[in-house]
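A short write-up of the structure that comes next.
Numbered from 1 within each chain, the chains take letters A, B, ... in sequence-line order. Because the structure is predicted, anything quoted here is derived from the model rather than measured.
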Protein chains: 2
Amino acid sequence: MLQQKGYKSTNQREEILNILFENKNEHLSCEDVHKIISKEKKDIGIATVYRTLQLFEKLGIVYKINFDDGVTRYELNTEAENHHHHHLICTQCGKVTEVKLDLLESLEHEIEIEEGFVVSDHDAKFYGICKECKNKEK
Amino acid sequence: MLQQKGYKSTNQREEILNILFENKNEHLSCEDVHKIISKEKKDIGIATVYRTLQLFEKLGIVYKINFDDGVTRYELNTEAENHHHHHLICTQCGKVTEVKLDLLESLEHEIEIEEGFVVSDHDAKFYGICKECKNKEK
DNA sequence: TTGTGTGCAAAAATTTTGCAGGTCA
DNA sequence: TGACCTGCAAAATTTTTGCACACAA
């Protein structure tokens with residue numbers, strides 16, 4: 001991995017990166033990552049997990065997200081899609097799913113014209129009832 | 001105020017509500033609210049501020065927002081606009097401004113069709129460079 | 001070797017909670 | 001009066017930090 005931006009490649013950093021890859025569609029908190037590490041026999045100090053994820057964020061490897069549950073979560077920045085971050089949060093069961101649709105471009109364009117604000121990224125959360133919960137109601 | 005939803009009207013709750021009104025365009029944390037109260041001679045326990053803002057959120061009086069600075073913030077739910085929550089966050093100076101545009105409706109419609117997810121609210125943050133910082137660069 | 005990185009434990013920061021007493025309806 | 005509210009301080013949670021030691025380059 002390209003830690004050749006002036007940072008060293010260490011076992012801890014590689015391990016944490018692995019975990020992020022293996023849980024691509026999760027939104028892990030530092031605590032979560034640390035628990036997974038513990039389960040896999042290895043052991044890394046929780047402080048290192050915090051420091052590493054902060055570093056990864058600075059380097060653009062992960063994004064920070066917050067679902068108002070009291071902890072900061074991170075997700076891999078899969079630069080395949082350009083910028084993104086659309087989450088559907090079910091207010092009934094709490095499930096979080098991702099959406100790929102990127103219709104915010106027109107909105108961003110409008111913001112740029114109306115407000116003179118140059119958008120470089122966004123983070124959108126939609127609250128509502130997911131398909132499963134909706135079906136259950138019937 | 002309509003605390004007649006089964007909750008009592010107390011001095012503390014009214015005072016906190018006043019502060020929210022007087023700072024309509026701010027995004028206050030519990031700490032912020034508590035500091036403002038202290039400045040205005042009055043004194044309310046910080047625990048009460050936390051409990052009151054949680055109550056207000058449950059009652060739909062305020063919205064919870066999070067700008068990844070480690071604290072939960074609240075803003076008045078001005079039901080004038082339907083649902084909303086668009087914030088422009090300048091990555092240079094940190095300033096947060098509101099946008100009124102509501103172009104997310106078409107996106108919500110699409111989400112409903114594609115994912116079967118019924119959207120009831122959203123929260124969108126746009127990161128970028130604000131007008132002032134952009135001008136400064138030149 | 002040498003500057004970075006790590007682990008530990010202590011500290012900080014934010015939020016929650018138990019309980020005794022106070023207040024509103 | 002009686003249930004609800006508040007204040008305080010203690011506790012719980014999450015995150016940060018200092019420092020001695022370890023390790024990658």
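- Using modelled atom types, one finds a donor on one side chain and an acceptor on the other under 3.5 Å when comparing B:Ser9 with B:Glu14.
- A straight line from NZ of B:Lys8 to C1' of D:dT1 spans 11 Å, rounded to a whole angstrom.
- Remark: aromatic rings of A:Tyr50 and A:His34 are distant, center separation not under 6.0 Å.
- Rounded to an integer number of Å, the gap from NZ of A:Lys5 to P of D:dA24 is 22 Å.
- In this structure, B:Ile44 reaches the sugar-phosphate backbone alone: every heavy-atom distance under 4.0 Å involves primed, P, OP1 or OP2 atoms, never a base.
- Spacing between atom CD1 of B:Ile16 and atom P of D:dG7 amounts to 8 Å, rounded to whole angstrom units.
- Between the CG atom of B:Asp69 and the C1' atom of C:dT15 there is a distance of 15 Å, given to the nearest Å.
- Within the 3.5 Å criterion, the main-chain N or O of A:Tyr127 finds a donor-acceptor partner in the side chain of B:Ser120.
- Applying the 4.0 Å criterion to OP1 and OP2 of C:dT15, one finds that B:Tyr50 has a side-chain N or O inside that range.
- Rounded to whole angstrom, the span from the CD1 atom of B:Ile46 across to the C1' atom of D:dA9 amounts to 14 Å.
- Closest to the side chain of A:Thr10, out of D:dC5, C:dA9, C:dG5, is C:dG5.
- Among the nucleotides C:dA9, D:dC5, D:dT6, the one closest to the side chain of B:Gln12 is D:dT6.
- Not one side-chain nitrogen or oxygen of B:Arg51 sits closer than 4.0 Å to the OP1 or OP2 atom of C:dT16.
- Using modelled atom types, one finds a donor on one side chain and an acceptor on the other under 3.5 Å when comparing A:Glu98 with A:His27.
- Of the two residues contacting DNA chain C, namely B:Tyr7 and B:Glu31, the nearest-nucleotide position lying further toward the 5' end is that of B:Glu31.
- Backbone-only contact: A:Thr72 has heavy atoms under 4.0 Å from sugar-phosphate atoms and none from a base.
- Put simply, the side chain of A:Arg73 never gets that close to the backbone of A:Ile65: no donor and acceptor are under 3.5 Å apart.
- Out of C:dG5, C:dA9, C:dT15, the shortest distance to the side chain of B:Val71 is found at C:dT15.
- One atom, CZ of A:Arg13, and another, P of D:dC23, lie 15 Å apart when rounded to the nearest Å.
- One atom, CG of A:Asp68, and another, C1' of C:dT14, lie 14 Å apart when rounded to the nearest Å.
- In this entry the distance linking CG of B:Asn11 with C1' of C:dA25 reads 14 Å, nearest Å.
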